[in-house]
Amino acid sequence: MPELPEVETISKGLDKKLKNKKITRIWTDWPKYFKLHKNEKDFSRQIIGKKILKVSRRGKNILFYLSEKHILLIHLKMTGHLLIGEWKQNRSEKLGEKWQGQKWVPTKDGGPLTDPFNRFIRLIFFLDNGKMLALSDVRRFAKVLCGVEEKILNLPDIKNLGPEPLDKRFTYKKFGELFKNKKGVIKSVLMDQGFISGIGNIYSDEILWLSKIHPSRRVEGLKEKELIAIYKYIKQNLKKAIRLRGTSFSDYRDSEGRRGKYSLFRRVYQREGEPCSRCGIEIKRIKIGARSAHFCPICQKE
DNA sequence: ACAATATCCTGCGAGC
DNA sequence: TGCTCGCAGGATATTG
């Protein structure tokens, strides 16, 4: 499940590669992606013929700024991947008719032909340079929207997002103010996109381990010292993960199909039963809400 | 007003 | 070996 560092890596990569490319047509076998649109036609009308001007990110949403003041928004949710491939002229009609998903032609500089995720391509944007942007998505949870800038940026998906944690304007003062009237369990609060955007299950676990705070603690009871630690490690850990191009745990890949390297530094996430790298005791896993939380029972006292 | 639970999906691993 | 079953999870809707 891509979170802020993964989505940042992906959108930066796509920005480099897709700038000034025009979308000539699309193919999908899952029109349910287009939650904002009546059907596939309604979606494709919005996007065909538009040029990609810039790719960026807000929270975990990827924003493609298009010509004619349009935006394409893609949220990868848990299993979404965006991969760039090439399509050959002589095969293009066949691909357009029915994409069987068995194989696709990767770019020379990376996309792995044998990568298992190539089996789950559900949506393809064909570009005017002979390449394609493919969405692979095992569980079909991804979200794909297109419309005029004003409309997309005013959707709850964007408008209800909390501050960007790595924004310079996100000072400790701002962070502290957020907590003043906040109630609830810290793990859930960190993952609340309306509170702070971009943090999900992996990084909330990591941040709390670094801060030595039990994931079930209520935010009402957190001391100043503890809030300072959380603030510090949000910034530090997300930055570090971006430097390492994201987490390779689970099925994350960047736009060239590469894994990130953050997983080498993962302390608790998906390490149940392994020794804590600080104190050696076994990492535990509990349920918070419907999510699993990983923590060290010694370093992170309740 | 808030919190817990169901929903969407499907590959995978556990268990028999 | 081959089957069934239940888990995983981000965001949103629905129920308690």
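Each chain gets a letter, A, B and so on, in the order the sequences are listed, and its residues count up from 1. On a predicted model such as this, the values are computed, not experimentally measured, just so you know. These values consider heavy atoms only, across backbone and side chains, with no hydrogens, waters or symmetry-generated copies.
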Below 4.0 Å: OP1/OP2 of B:dG11 and any side-chain N or O of A:Thr79: no
Report, one line per pair, each donor and acceptor closer than 3.5 Å where one atom sits in a side chain of residues 147-157 of chain A; sequence neighbours left out.
{"from": "A:Asn154", "atom 1": "ND2", "to": "A:Glu150", "atom 2": "O", "distance (Å)": "2.7"}
{"from": "A:Asp157", "atom 1": "OD2", "to": "A:Lys143", "atom 2": "NZ", "distance (Å)": "2.5"}

Reported CD-to-CZ distance for the pair A:Glu8 and A:Arg243, which is rounded to 0.5 angstrom: 13.0 Å
Sugar-phosphate or base contact per nucleotide [nucleotides 10-16 of chain C; S, B, -; heavy atom under 4.0 Å]: BBS----
Sugar-phosphate only, base, or nothing, as touched by A:Lys35 at under 4.0 Å among non-hydrogen atoms: nothing
Stepwise side-chain contact (heavy atoms from CB on, under 4.5 Å) test for A:Leu227 and A:Phe175: CA-CA 9 Å; A:Leu227 287 178; A:Phe175 175 80; 4.3 Å; yes
Lys NZ or Arg CZ of A:Arg122 over A:Trp30 ring: under 6.0 Å, within 45°: no
Whole angstrom value for the distance that separates P of C:dG6 from CZ of A:Arg139: 17 Å
Distance, nearest 0.5 Å, that separates OG1 of A:Thr28 from CG of A:Leu123: 4.5 Å
Residue that, paired with A:Val189, satisfies side-chain contact (heavy atoms from CB on, under 4.5 Å) out of A:Lys182, A:Arg218, A:Arg217: A:Lys182
Distance below 4.0 Å between A:Arg140 side-chain N/O and B:dC8 OP1 or OP2: no
Over-ring placement of A:Arg271 relative to A:Trp209, 6.0 Å and 45° cut-offs: no
Rounded distance [0.5 Å steps], NE2 in A:His81 versus CZ in A:Phe120: 10.0 Å
Rounded distance (Å) that lies between atom P of C:dC7 and atom CZ of A:Arg285: 10 Å
Bend angle of the helix from B:dC2-C:dG16 to B:dC16-C:dG2, from helix axes over five pairs at each end, nearest 10°: 60°
Spacing of A:Glu272 atom CD relative to C:dC7 atom P, expressed in whole Å: 14 Å
Of the listed nucleotides C:dG9, C:dA8, B:dT10, the one nearest the side chain of A:Lys287: C:dA8
